[in-house]
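Heads up, the thing below is written out as structure tokens.
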Amino acid sequence: MPRMRAPLSLPPGPLVDVPWLAAHAGDPRVRVVDCRWYLSGRRGADEYARGHIPGAVHLDVDADLAGPAQAGPGRHPLPDAAAFARVLARIGIAPDSVVVGYDDAGGAIAARLWWLLRYFGHPGGRVLDGGLQAWTSAGHPLATDAPAIAPAPPMELAAGGATVVDKAAVDRLRRDPSAVILDARARERYEGQSEPIDARPGHIPGARSAPFAENLRAPSGPFREPAELERRYRDLGALEASTVVCYCGSGVTACHDLLALATLGRADAILYEGSWSDWARDADLPAAKGPDP
């Protein structure tokens, strides 16, 4: 008769710290995923090859954490359930796996993996607080070899574990005084001072600026203390609002605001899938510029 394994002792909430990961990274139920990805310049796969947390596999936003750009709204539409199930199977993820994503941007990219797991009904998604920098700062080594991972049987996944909205719903919600729309991009993009990639500058009228980087204690660092995060999102009106929608450029870093809200117990916040890349290309939709009113 096979010996039963003791259940994994997971900390509450969607974050894990370096001591927890160092203690559990060798457990076959824990899959560590390097999610590094960059808007331009570097390639996440190259950075992974130069050094990653031992045992980690790499997933790419464009190839693994999004569907084809022509298949949905914006630059990074959601993958369909079958495609995402194949990605998870390829890296050996089973229904009881704990999937710890990390990056070098304070969780800005790893949060997308965490959110997709929730969206498709897998409860094991976590983000390493502080990411790669926290790992190396604690004195832990990096590896350059890619681990040999036995594929797992594809899971039956279904969308619906988290909520998404389209531009028509956002256009209605921006007029609803009981709803709050949060823009996770940098303030200069929100204000329309610069727009490096999308069709036009600015933001959704009525949205509030909530840069994901301000969830962190320092650039690319760990999350702020819960009391500080609570104060931040209370000031934004997100803790009392009946509906909270988060967006960014393409639906990736918006997941960082969703992650921060989930740590505060606001797990019902919604992703605008297409985000600004979807809104900006529709000339019939208005755009605002300047700071928060």
Side-chain angles (χ1 to χ4, degrees), residues 14 16 21 25 27-39 42-49 52-105 107-128 131-132 143 145-164 248-256 258-259 271 273-275 277:
V16 298
L21 184 59
D27 191 303
R29 292 166 292 182
V30 175
R31 177 68 64 239
V32 184
V33 181
D34 186 310
C35 299
R36 280 178 285 178
W37 177 86
Y38 309 94
L39 193 59
R42 294 181 291 166
R43 293 178 66 246
D46 294 338
E47 298 302 317
Y48 170 82
H52 52 265
I53 293 176
V57 296
H58 182 259
L59 291 182
D60 179 74
V61 167
D62 298 305
D64 302 312
L65 304 182
Q70 66 272 19
R75 288 183 279 110
H76 289 118
L78 302 180
D80 65 37
F84 192 59
R86 288 193 295 271
V87 168
L88 298 183
R90 189 182 82 228
I91 62 172
I93 292 175
D96 66 344
S97 296
V98 175
V99 186
V100 180
Y102 75 89
D103 55 43
D104 58 2
I109 312 303
R112 170 79 168 201
L113 174 60
W114 163 81
W115 187 90
L116 282 173
L117 288 162
R118 280 187 65 219
Y119 178 69
F120 286 115
H122 194 293
R126 299 294 187 275
V127 171
L128 178 62
L132 189 68
D145 59 312
I149 301 293
M155 291 177 282
E156 290 287 334
L157 301 180
T163 306
V164 296
C248 57
S250 65
V252 175
T253 60
C255 295
H256 199 271
L258 294 168
L259 176 62
L271 177 68
E273 177 183 359
S275 285
S277 59

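If you read the sequence from its start, that first residue is 1, and numbering goes on from there. The shown structure was predicted, so the numbers you read here are calculated from the model rather than taken from an experiment.
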query = Are the side chains of Val57 and Pro147 in touch, meaning some heavy atoms are under 4.5 Å apart?
reply = yes
query = With sequence neighbours left out, what residues match Arg86 under side-chain hydrogen bond (donor to acceptor under 3.5 Å, both in side chains)?
reply = none
key: Set of side chain to side chain contact (heavy atoms under 4.5 Å, CB included) partners for Ala71, sequence neighbours left out   = Pro68
remark   = Rounded to the nearest 0.5 angstrom, the CG-OG1 distance for Leu258 and Thr163 is 10.0 Å
message = Are Arg29 and Val98 packed together at the side-chain level, in the sense that at least one heavy-atom pair is separated by less than 4.5 angstrom?
response = no
ask   = Atom CD1 in Ile149, atom CD1 in Ile93: separation rounded to 0.5 Å?
value = 9.5 Å
task = Identify the two heavy atoms, one from Pro153 and one from Ala89, that lie closest to each other, and give their separation to 0.1 Å.
result = C-CB, 4.2 Å
inquiry  = Just by distance, no angles: are the side chains of Tyr38 and Asp46 close enough, under 3.5 Å, to form a donor-acceptor pair?
reply    = no
inquiry  = Among residues at least two apart in sequence or on other chains, which ones pass side-chain hydrogen bond (donor to acceptor under 3.5 Å, both in side chains) with Asp64?
reply    = Arg90
key: Residues forming a salt bridge (Lys or Arg N to Asp or Glu O under 4.0 Å) with Arg126, sequence neighbours excluded   = none
ask   = Side-chain contact, heavy-atom cut-off 4.5 Å: Ile53 with Leu21?
value = yes
Shortest non-hydrogen separation from Gly101 to Ala110 and the atoms involved = C-CB, 3.6 Å
query = Sequence neighbours excluded, which residues qualify as side-chain hydrogen bond (donor to acceptor under 3.5 Å, both in side chains) partners of Ser250?
reply = His76
query = Which residues pass the ring-ring contact (aromatic ring centres under 6.0 Å, His included) test with His122, sequence neighbours left out?
reply = none
query = Would a 4.5 Å heavy-atom cut-off, applied to side chains only, mark Tyr102 and Val33 as touching?
reply = no
task = Return each pair, listed once, that meets salt bridge (charged side-chain N to carboxylate O under 4.0 Å, His left out) where at least one residue sits in residues 67-78; pairs must be two or more places apart or across chains.
result = Arg75-Asp198
ask   = Considering residues at least two apart in sequence or located in another chain, which fulfil the ring-ring contact (aromatic ring centres under 6.0 Å, His included) criterion with Trp114?
value = none
query = Who passes side chain to side chain contact (heavy atoms under 4.5 Å, CB included) against Ala94, sequence neighbours left out?
reply = Asp96, Ser97
query = Which value, rounded to the nearest 0.5 Å, describes the distance between Leu271 atom CG and Arg118 atom CZ?
reply = 10.5 Å
Residues that Ala81 engages under side chain to side chain contact (heavy atoms under 4.5 Å, CB included), provided they are two or more places apart = Phe120, Leu157
ask   = Nearest heavy-atom pair of His58 and Asp34: which atoms, and what distance?
value = CD2-O, 3.1 Å
request  = Kindly say whether Gly74 contributes a backbone atom to a donor-acceptor pair with the side chain of Ser277 at under 3.5 angstrom?
outcome  = no
Any donor-acceptor N/O pair, Arg112 side chain to Leu65 backbone, under 3.5 Å = yes
query = Which residues satisfy the side-chain hydrogen bond (donor to acceptor under 3.5 Å, both in side chains) test with Glu47, sequence neighbours excluded?
reply = Arg50
ask   = Could you give the distance from OH (Tyr48) to CG (Leu132), rounded to the nearest 0.5 Å?
value = 12.0 Å
message = Has Asp103 got a side-chain atom pairing as donor or acceptor with Ala108's backbone, closer than 3.5 angstrom?
response = yes
message = Is the shortest side-chain heavy-atom distance between Asp60 and Trp37 below 4.5 Å?
response = yes
note = d(Leu113 CG, Leu59 CG) to nearest 0.5 Å is 6.5 Å
ask   = By side chain to side chain contact (heavy atoms under 4.5 Å, CB included), which residues pair with Ala143, not counting sequence neighbours?
value = His52, Pro54, Asp145
message = Measuring only between side-chain heavy atoms, which start at C-beta, is Leu78 closer than 4.5 Å to Leu116?
response = yes
request  = Provide the closest heavy-atom pair for Pro77 versus Gly72 in the form atom of the first, atom of the second, distance.
outcome  = CB-CA, 3.7 Å
